[in-house]
Amino acid sequence: MKLRYLLLAFAASCVATPALAQSETAPAAGTDGAKPAKAATQDVFSTGVAKGRDRLDSATSTSALKASESEKLGPRPLADILRTMPGLRVESAIGEGNANYTVRGLPLAAGGSKYMQLQEDGLPVLEFGDLFNFGADVFLRADFNLAAVESIRGGSASTFASDSPGGLINLISKTGDQPGGAVQVTRGLDYGENRLDADYGAKLSENLRFHVGGFYRWGEGPRDIGFTGYRGGQIKLNVTRQFSNGYIRLHAKYLDDRSPTFAPYYFKLTGTDANPVIANLPNFDIRSDSVLSPYISDVTTLDGKNQLRRFPVKDGMHPKSKAIGLEAQFDVGGWTISEKARFSKNSGDFLRVFANSADTVANFAASQGGAGATARYATGPKAGQLVPANANGNGLLALYYMAETRARSLDNFTNDLRATRVWNVGKGKLTMTAGVYKAIQTLNSEWLHSAIDVDVAGNGETAMVNVFNAGGVAQTQNGFFAYGRGRTSKFRRIFDVKYDVTAPYGSVNYHVGKVSVGGSLRYDIGKVRGSLYGADLGGRGTGLIAYDVNGDGLLTGPENSVAWLPLSQPAPVDYNYGYLSYSTGINWRVAEPFSVFARYSKGGRANADKILFTPVVSATTGDVANASDKYDAVRQLEGGFKFRKAGVTLNATAFLANADDHNVLNGSANQTIRSYRAHGLELEGSFREGPFSITAGATYTKAKITEDKLDPTLTGKEPRHQPAWTFEATPQFETKHFTVGANVVGLTGSYAQDSNLLRMPGFTVVNAFLQVRPLPRVQLMLNANNLFDKIGFFEISQSTVPANGIGSGRAINGRTISGSLRYDF
């Protein structure tokens, strides 16, 4: 509530302070907005390189998205915005954060962003982008603070940032170099969302300026859940002091945002593996419904102290972040010295309710209570009544797992200090950079679980059910099947680990005439220390115990086997790692509008929590015996061309990538150790003629598992969820008084699982927008996401068409339409 009132007060003060209109032109990353703008014929890009330079003079594959373009898509989760950028493969639809990101066929064996680092103003949000249930985007929001998004695929990303061999995604903030701001109110027209966005930047004196902005929103959200799932927002502030030879900038951020999370839900899955037939179940629409409802009880479980706790389902994804940082850049004695530092105090909860199994009422009851078992509603308006065979018109009951992941601390400190100098050597210029990066990432989290029986009802009306055996004895308790992840599961864990990373790096680039050649090195040194606590750590404690959850003095089925943490017997984590990354490339500016380039890179990604609780880490010494298990290497060869002239751009990059991967599927003990290979082609282009413009991109990828060390039957298979083609296009028509257009995003089919049996259909989504400017500084906007209400899946849990015709999967949201009113000042 405090954040809401603070932002409302800020918005009111903005309206009362007239100023010049905010420019749509964003400063380049890593440069100061007060410096003179580059010539219109140049396109400066700075993320993941030593010094900002025209994209046609850089041997890298890059893309940029201005805030003015992303705002046309309406207030959307960051993942949905990034899906529109060429070269990126993004699996969203899980909610506001924790989406999956990758590039160029690099694997998405689990979740998050393993090989691509998400940054905010040039520093990582989290050192590792794929921490269990807390991807880096959980702590990122796109709002009016955003000036631009830059992405680099492959190339020097592996040497100018740690743990990012696949690339970088950098969100760049406005800094007040262009005075003015905006206030916007948005309301869902066919779904429950209310949102306020505001920002303002101005000069405080000749050499001092600031920018402040943020958002607050509340409502049910894009799916029917029956309660207020969204409530919260963020506010960001930066202040810049300009000097004759540089600048100093202080920045701060406060994020406290709650939103629901959406997991795989049930649908009708028939047909064949090669040609499945997908349809909605009666009274449950995979596009707009959810298992969440007011009738789902709190997650009831033992917490990290083995004490009984209840966590409200409405908390959903609830990150909290308080960050403060410093950025400085000065020219001293021919050198450009830059310093970036940030400390973020991160914590929060991530509550997810995800599908396990479903069947007819009779079969489901029998699976838990034996022959003759029955089911009765435990919650909701029908509590106590017998569940009929045709319940909700689909006649299904389901077992869902409730996963509560508590991040007590994901605190992150990062510091990047570098020095760059340019010399005139012969007929060319020699640029040298040396730097050192320091990061400390804590991981203190708890994994807590319950399991519930529910009906399969839509419209936010899901109710819990109890199962009784033929003798009328309850097999469940108030709808709970287990007070853990099933009755035999010991899946209750605590991670208490700290990662200390030091990485010196350097680069050399020589530009003479039309040719630029260079290379860079980075050596990452990591120290990993901490403790693990787990009911599944062999030889420590009892694992499962009987626990009287409801305190009635009796033990029922769910209470007879509850996972118990051996808090006095932690397993140590104690190992070091080191790996070398390098990249070298050449660029030839064949002509003013045309260049060609080639590059080879090898980078590494330290294995973080994905090797904890696996045999890779010794449960007695905490050491990792094999150096190859401590990090995964990515090797990439790429080459292509870039063309830009008179409103036309066209970039093409061919690539070959080889990657190693240590991972754990679905947060379980299903460990994977694999190698992958992928090759393909990235295409990106734009065209503008008068009021009409279009930007488009496409990526072709052919990938395979070259070796699976734990399951040889998968060697040679195609990785799951890997489409041959991903594509996007944004055509629009823009005049002084209106803009109309659409963003089209799609992908072709892929395999649901690595076994390469069930084909997951591809899909295309059209997101339309209309902006009308009836008065100066006033804008009305209409957004329709998934305009044609298509069904599309990022994930299907089954590896083959099930015999009972019931599948589960994570689908995109259905059509949602919002309207916005904006005032620029």
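Remark: Y751 engages no residue in a ring pair (Phe, Tyr, Trp, His ring centres under 6.0 Å) (not counting sequence neighbours).
A donor-acceptor pair is defined here as one N or O able to donate and one able to accept, closer than 3.5 Å; such a pair exists between the side chain of T614 and the backbone of I611. In terms of modelled atom types and a separation under 3.5 Å, the side chain of T159 and the main chain of R522 share no donor-acceptor contact. With hydrogens and angles disregarded, a donor-acceptor distance shorter than 3.5 Å links the side chain of R223 to the backbone of I286. Looking at K268, its side chain never comes within 3.5 Å of a backbone N or O of I806 through a donor-acceptor pair.
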*Can R89 and T699 be said to form a side-chain hydrogen bond (donor to acceptor under 3.5 Å, both in side chains), step by step?*
CA-CA 9 Å; R89 180 160 66 93; T699 303; over 6 Å; no
*Given ring pair (Phe, Tyr, Trp, His ring centres under 6.0 Å), test F763 with F794 step by step and report yes or no.*
CA-CA 10 Å; F763 61 91; F794 286 118; 5.5 Å; yes
*E682 and S61: CA distance, side-chain angles, deciding distance, side-chain hydrogen bond (donor to acceptor under 3.5 Å, both in side chains) verdict*: CA-CA 9 Å; E682 291 178 354; S61 179; 2.9 Å; yes
*Which is it for V745 and T764 under the side chain to side chain contact (heavy atoms under 4.5 Å, CB included) test, yes or no, and what are the steps along the way?*
CA-CA 6 Å; V745 184; T764 300; over 6 Å; no
*For L410 and F134, what are the C-alpha separation, side-chain angles and deciding distance, and is it a side chain to side chain contact (heavy atoms under 4.5 Å, CB included)?*
CA-CA 9 Å; L410 290 177; F134 279 99; 3.7 Å; yes
*Given Y101 and D137, is the side-chain hydrogen bond (donor to acceptor under 3.5 Å, both in side chains) satisfied, shown in steps?*
CA-CA 10 Å; Y101 306 84; D137 64 345; 2.7 Å; yes
_Test log, rule ring pair (Phe, Tyr, Trp, His ring centres under 6.0 Å), inputs F354 and Y265_ = CA-CA 7 Å; F354 58 96; Y265 299 134; over 10 Å; no
*Take Y533 and F495 through the test ring pair (Phe, Tyr, Trp, His ring centres under 6.0 Å) and record every step on the way to the result.*
CA-CA 7 Å; Y533 304 82; F495 297 75; over 10 Å; no
*Worked verdict on F613 versus F491 for ring pair (Phe, Tyr, Trp, His ring centres under 6.0 Å)*: CA-CA 11 Å; F613 287 96; F491 209 58; 8.4 Å; no
*With salt bridge (charged side-chain N to carboxylate O under 4.0 Å, His left out) as the test, would you mind laying out the steps for K114 and D661 before giving the verdict?*
CA-CA 9 Å; K114 175 166 182 174; D661 185 38; 2.7 Å; yes
*Please report the C-alpha distance between L448 and R406 in whole Å, then the side-chain angles of each, then the deciding distance to 0.1 Å, and finally whether the side chain to side chain contact (heavy atoms under 4.5 Å, CB included) criterion is met.*
CA-CA 8 Å; L448 315 172; R406 307 199 71 202; 4.1 Å; yes
*asked:* Set out, in order, the CA-CA distance, both residues' side-chain angles and the distance that settles side-chain hydrogen bond (donor to acceptor under 3.5 Å, both in side chains) for S450 and T301, then state yes or no.
replied: CA-CA 6 Å; S450 292; T301 182; 4.5 Å; no
*Apply side chain to side chain contact (heavy atoms under 4.5 Å, CB included) to T261 and R352, showing your working.*
CA-CA 6 Å; T261 58; R352 185 171 53 154; 3.9 Å; yes
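N658 and R677 share a side-chain donor-acceptor pair at under 3.5 Å. When only modelled atom types and interatomic distance are considered, R83 and S92 share no side-chain donor-acceptor pair under 3.5 Å. Side chains of D130 and S113: no donor on one and acceptor on the other come within 3.5 Å. Side-chain contact, R759 with N275: no donor N or O sits under 3.5 Å from an acceptor N or O. Side-chain contact check for D453 and T476: no donor-acceptor pair (N or O, by modelled atom type) lies under 3.5 Å. Judged by distance alone, the side chains of T672 and N663 never bring a donor and an acceptor atom under 3.5 Å apart. Residues Q441 and N412 have side chains that bring a donor and an acceptor to within less than 3.5 angstrom of each other.
Of all heavy-atom pairs spanning F364 and L399, the tightest one is CE1-N, 3.5 Å. Residues E795 and P264 share a closest heavy-atom pair of OE2-CG, 3.7 Å. The two residues R599 and S583 come nearest to each other via the heavy atoms NH1-OG, 2.5 Å. For Y266 against N356, the heavy-atom pair with the smallest separation is OH-N, 3.3 Å. Here the closest heavy-atom approach between residue M402 and residue V299 is recorded as CE-CG2, 3.5 Å. Among all heavy-atom pairs drawn from F139 and P319, the shortest one is CE2-CB, 3.7 Å.
For the atom pair T405 OG1 and L131 CG, the distance stands at 11.5 Å (nearest 0.5 Å). With rounding to the nearest 0.5 angstrom, the OH atom of Y631 is 9.0 Å from the OH atom of Y579. In this structure, the separation between OG on S561 and OH on Y483 is 11.5 Å, given to the nearest 0.5 Å. Atom CG of residue N133 and atom CD1 of residue I94 lie 8.0 Å apart, to the nearest 0.5 angstrom. Distance CG/N363 to OG/S357: 11.5 Å, rounded to 0.5 Å. Note that CG of L269 is 8.0 Å distant from CZ of F793, once rounded to the nearest 0.5 Å.
Here the side chains of T102 and M116 are not in contact, with every heavy-atom distance at 4.5 Å or above. A heavy-atom distance below 4.5 Å is found between the side chains of I494 and L565. Contact annotation: the side chain of L396 approaches that of L281 to within less than 4.5 Å [non-hydrogen atoms, C-beta and beyond]. The side-chain heavy atoms of Q671 and V616, taken from C-beta on, include a pair separated by under 4.5 Å. A heavy-atom distance below 4.5 Å is found between the side chains of K490 and L544. You'll find the side chain of D359 stays beyond 4.5 Å of the side chain of L397, heavy atoms only.
With respect to E446 and R492, no salt bridge is recorded, no charged nitrogen being found less than 4.0 Å from a carboxylate O. Ion pair D754/R720 not flagged as a salt bridge, since none of the NZ, NE, NH1 or NH2 atoms sits closer than 4.0 Å to an Asp/Glu carboxylate oxygen. Under a 4.0 Å N-O distance rule, the pair R605/D524 does not qualify as a salt bridge.
Taking the centre and axis of the six-membered ring of F132, the NZ or CZ atom of K610 falls inside the cone set by 45° and 6.0 Å. For the pair R810 and F262, the NZ or CZ position fails the cation-pi test of under 6.0 Å to the six-membered ring centre and within 45 degrees of the ring normal.
Using cut-offs of 30° and 60° on the angle between ring planes, the pair H679 and Y700 is perpendicular.
Of the listed residues (D708, D632, D711), just one forms a salt bridge (Lys or Arg N to Asp or Glu O under 4.0 Å) with R674, and that residue is D708.
Atom CZ of R529 has more than 12 heavy atoms from other residues, nucleotides or ligands within 6.0 Å.
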